[in-house]
Structures are given as C-alpha cells and as structure tokens.
Amino acid sequence: MKPARKDTGVLVKDMKVSRSMRVFRVVNLAFLLVVVFLTVYPFLNILAQSFSSEGFINAGQVNLFPLGFNTETYQLILADPVFWRNYGNTVLYTVVATAISMVLTTSFAYAIAKKELKGRSVFIGIAVFTMFFNGGLIPNYVLITSLGMRDTLWAVVLPNAISVFNLLIMKSFFENMPRELEEAAAIDGLTQYGVLFKVVLPLSKAIVATMVLFYAVANWNSWFQAFLYLDNPDLFPVTIYLRNMIAGVTTAGSAGGTAENVGQIAANIQSVTIVLTVIPILCVYPFVQKYFFSGVMLGSVKE
C-alpha cells in the first residue's frame, strides 16, 4: 500500500491565504470603525450638548457624554406652541411633497424607460437640461407669485417636485427590468396602467422605498423654499424655527425663557432643536433600510 500523499504545498498556500484574509478583515474592520466613529461623533456631540448645563458647554468640555445633566431647554421648546405648529407643518409638507414627487417621478421614469416611446430622447434631454440650467431665483419668485402660490402650501411642495437625479435612477431601474414580465402581463389582458400597478411597482419595492426616503429627507430638511415664499409664521416649517434659533431671531426670552434660565437656553437651544428635528428621520430609516440591499429581481427571469 502506497503511503498517502501529503499536499504540503497546497496546505501552506491555503494557510497563507487564510492569514492574509484575516489581516485584511482586521484592517477593514478598523477602518470601518474609524469611519463610523467620524460619522456618528457629530450627532453624539450634539446630543450630549442638548442635555448638558451652560457652564460645561461654554467651557467646551462636552464631547460624547452630557455634563451637568439639564433638560430646561427641552422643557421650554416642548412647551412652545409655535414649535409644535411648525412641526405639524413640516410633517404635512413632507407627506404631501413626497407623495407628489413619487407620483410624478415614477410616471415620468416609467414612460421614458420605454425605448419605443416617440420623442423619448427629447423628454430625457429636457429633464437633464434642468439639472444644469434654471431660470434663477428672481424669475422663480416672480413665477410662484404670479401663479398665486405664494404664502401657500403649494409654494413649498411643487417647485422641486421632481429630482432629475432620482428620475434617472428610476429610469435605469425600469430599463433593466425583464421585458418578458410585462409582455406576459400584456398577454394576460392587462393594460399599460395595469402592468405598471400590478407588475412593475410590486417588483420595484426597493427603488420605490429608496426614492421615498430620499424625497422625504430632502423635504424634511428643506427650509429655503419656505423662507423665500412664506410670510405667515403659522405656515413656517420646523426648519425655519431652527433657522431662527440659529440666527438668533427668536431669543430665549421671546420663547418663554426667564432671567434665571436664559443663559442655559442660549447655550444649547440649537442642539436641542436639531435633535428634535432629526428624530423622525431616524425613526423612519430602519423600516426602509432593509430594501437597500434586497435583490428584488434576482432570479425572477432566467434566459
């Protein structure tokens, strides 16, 4: 009987690969931890300042953890009816603007994704043209005013209803969708709208969820449209409230502060307002994040 052959060369090679992979994983993990820390640190610092006392904030001693735990500013802001009114306005603007943007973007992207559409290149060219050229601030202001939308909800939700960047992403997604699915649905008797609502959109949950998040975050953080077109304080979004806090337009005294706590409020009112405006997006993101990495179309059609 011949002795078993020992593939020592292969074994050594596998060991070398294994060691190099372990080194790579360690280095990669360390690098990612640094990136995560640099990304999360500013928010943790703002959160810590929002719960810290005036003396530690002014001395620049607050980093990751609050010092001299204090909630006076939170109590003041949460008791301010203007904040809650502006907060409700922001929720309304975000929901309406996101719904309008999704309807327009999805319809436009699905149409220009069809290569048989007459004038397709013209429509795409017009959309791309708007990415680089626009009428400017004053013509836009005159247009919104002449349309009677100034100082109304529509002045906030309509001017930026379609993001061309998001439009092109959805167009590419629809173009890569297997045509066999739509052809089979058409043979079964579905109209073009039936194909869109019963076949295409159910298979596009990942891109739809991503676009909803993109639009929602953009609309939630938007303040310039409201600052430009709204004069009635009762219509302001919470971002204008935050902007006024940062700019010092709304002082602690006018917001309900007293002589005893005006210094504390002035020290961390910005960080408190930032935390309160960021919380809703942080709560929504985990429910949408799962769609970012899902291969919805993987294996649906094999040719």
Side-chain angles (χ1 to χ4, degrees), residues 85-114 117 123-137 139-174 192-198 200-232 234-241 277 280-281 283-285 287-288 291-292:
R85 187 184 309 119
N86 294 162
Y87 215 97
N89 292 338
T90 299
V91 173
L92 176 64
Y93 297 158
T94 301
V95 172
V96 174
T98 302
I100 293 175
S101 296
M102 288 304 302
V103 171
L104 296 179
T105 303
T106 303
S107 303
F108 197 176
Y110 183 69
I112 61 178
K114 302 300 179 183
L117 176 68
F123 292 120
I124 297 176
I126 293 174
V128 174
F129 180 84
T130 62
M131 294 182 66
F132 305 100
F133 304 97
N134 60 73
L137 184 61
N140 285 334
Y141 183 85
V142 173
L143 175 63
I144 295 297
T145 303
S146 62
L147 292 176
M149 294 193 300
R150 187 168 173 271
D151 216 22
T152 66
L153 174 147
W154 307 112
V156 178
V157 303
L158 287 182
N160 296 322
I162 296 181
S163 168
V164 179
F165 178 77
N166 295 342
L167 174 69
L168 296 179
I169 292 178
M170 292 199 76
K171 166 185 166 292
S172 300
F173 184 88
F174 290 146
Q192 194 67 54
Y193 291 103
V195 173
L196 173 61
F197 289 111
K198 295 184 179 181
V200 176
L201 290 182
L203 293 174
S204 306
K205 291 181 180 178
I207 190 66
V208 169
T210 303
M211 292 299 104
V212 167
L213 182 64
F214 285 174
Y215 276 122
V217 171
N219 290 317
W220 183 271
N221 294 327
S222 176
W223 68 274
F224 188 69
Q225 297 289 335
F227 177 75
L228 187 63
Y229 300 126
L230 299 181
D231 295 326
N232 186 354
D234 292 337
L235 298 177
F236 286 169
V238 74
T239 46
I240 296 296
Y241 186 93
T277 53
I281 296 299
C283 294
V284 170
Y285 179 78
F287 297 98
V288 183
Y291 291 105
F292 289 173

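The two residues Thr106 and Phe174 make their nearest non-hydrogen contact at O-CE1, 4.0 Å. Taking all atoms of both residues into account, the shortest heavy-atom contact from Gln225 to Ala155 is OE1-O, 3.9 Å. In terms of heavy atoms, Trp220 sits closest to Thr239 at O-CG2, 3.3 Å. When all heavy atoms of Leu104 and Ala161 are compared, the pair lying nearest together is CD1-CB, 3.9 Å. Counting all heavy atoms, side chain and backbone alike, Ile162 lies closest to Phe108 at CD1-CD1, 4.2 Å. Heavy atoms only, all atoms of each residue included: Leu235 and Leu230 are closest at O-CD1, 3.4 Å.
Counting only residues at least two apart or in different chains, salt bridge (charged side-chain N to carboxylate O under 4.0 Å, His left out) contacts with residues 159-171 comprise Lys171-Glu175. Screening residues 218-232 for salt bridge (charged side-chain N to carboxylate O under 4.0 Å, His left out), with sequence neighbours left out, gives Arg150-Asp231. Applying the salt bridge (charged side-chain N to carboxylate O under 4.0 Å, His left out) test to every pair with at least one member in residues 88-114, sequence neighbours left out, gives these pairs: Lys114-Glu182.
Residues forming a side-chain hydrogen bond (donor to acceptor under 3.5 Å, both in side chains) with Ser222 (at least two apart in sequence, or on another chain): none. Phe227 is linked by a ring pair (Phe, Tyr, Trp, His ring centres under 6.0 Å) to Trp223, counting only residues two or more places apart in sequence or in another chain. Residues passing the side-chain hydrogen bond (donor to acceptor under 3.5 Å, both in side chains) test with Asn219 are Thr98, sequence neighbours excluded.
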Decide side chain to side chain contact (heavy atoms under 4.5 Å, CB included) for Leu168 and Met131; before the verdict, give the C-alpha distance in whole Å, the side-chain angles of both, and the deciding distance to 0.1 Å.
CA-CA 11 Å; Leu168 296 179; Met131 294 182 66; 4.2 Å; yes
Please walk me through it: do Ser163 and Phe214 pass side chain to side chain contact (heavy atoms under 4.5 Å, CB included)?
CA-CA 10 Å; Ser163 168; Phe214 285 174; over 6 Å; no
Take Val142 and Thr145, measure what side chain to side chain contact (heavy atoms under 4.5 Å, CB included) needs, and give me the verdict at the end.
CA-CA 5 Å; Val142 173; Thr145 303; 5.8 Å; no
Before you tell me yes or no, could you show the steps for Val208 and Phe173 under side chain to side chain contact (heavy atoms under 4.5 Å, CB included), namely the whole-Å CA-CA distance, both residues' side-chain angles and the distance that decides it to 0.1 Å?
CA-CA 10 Å; Val208 169; Phe173 184 88; over 6 Å; no
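For the atom pair CD1 of Ile240 and CG of Asn86, the computed distance is 8.5 Å after rounding to the nearest 0.5 Å. In this structure, OH on Tyr87 lies 8.0 Å from OG1 on Thr90, to the nearest 0.5 angstrom. Within the model, atoms CG of Leu158 and CH2 of Trp154 stand 6.0 Å from one another, a figure rounded to the nearest 0.5 Å. With rounding to the nearest 0.5 Å, the separation of CG in Asn166 from OG1 in Thr210 is 9.5 Å. The distance from the CG atom of Asp151 to the CD1 atom of Ile144 is 12.5 Å, given to the nearest 0.5 Å. Going from atom CG of Asn221 over to atom OG1 of Thr94 covers 8.5 Å, rounded to the nearest 0.5 Å.
Side-chain contact between Val164 and Phe132 is absent, with no heavy-atom pair separated by less than 4.5 Å. Residues Val238 and Asn89 are not in side-chain contact: their nearest non-hydrogen atoms beyond the backbone lie 4.5 Å or more apart.
In the model, Thr105 has a side-chain atom that pairs as donor or acceptor with a side-chain atom of Tyr215 under 3.5 Å.
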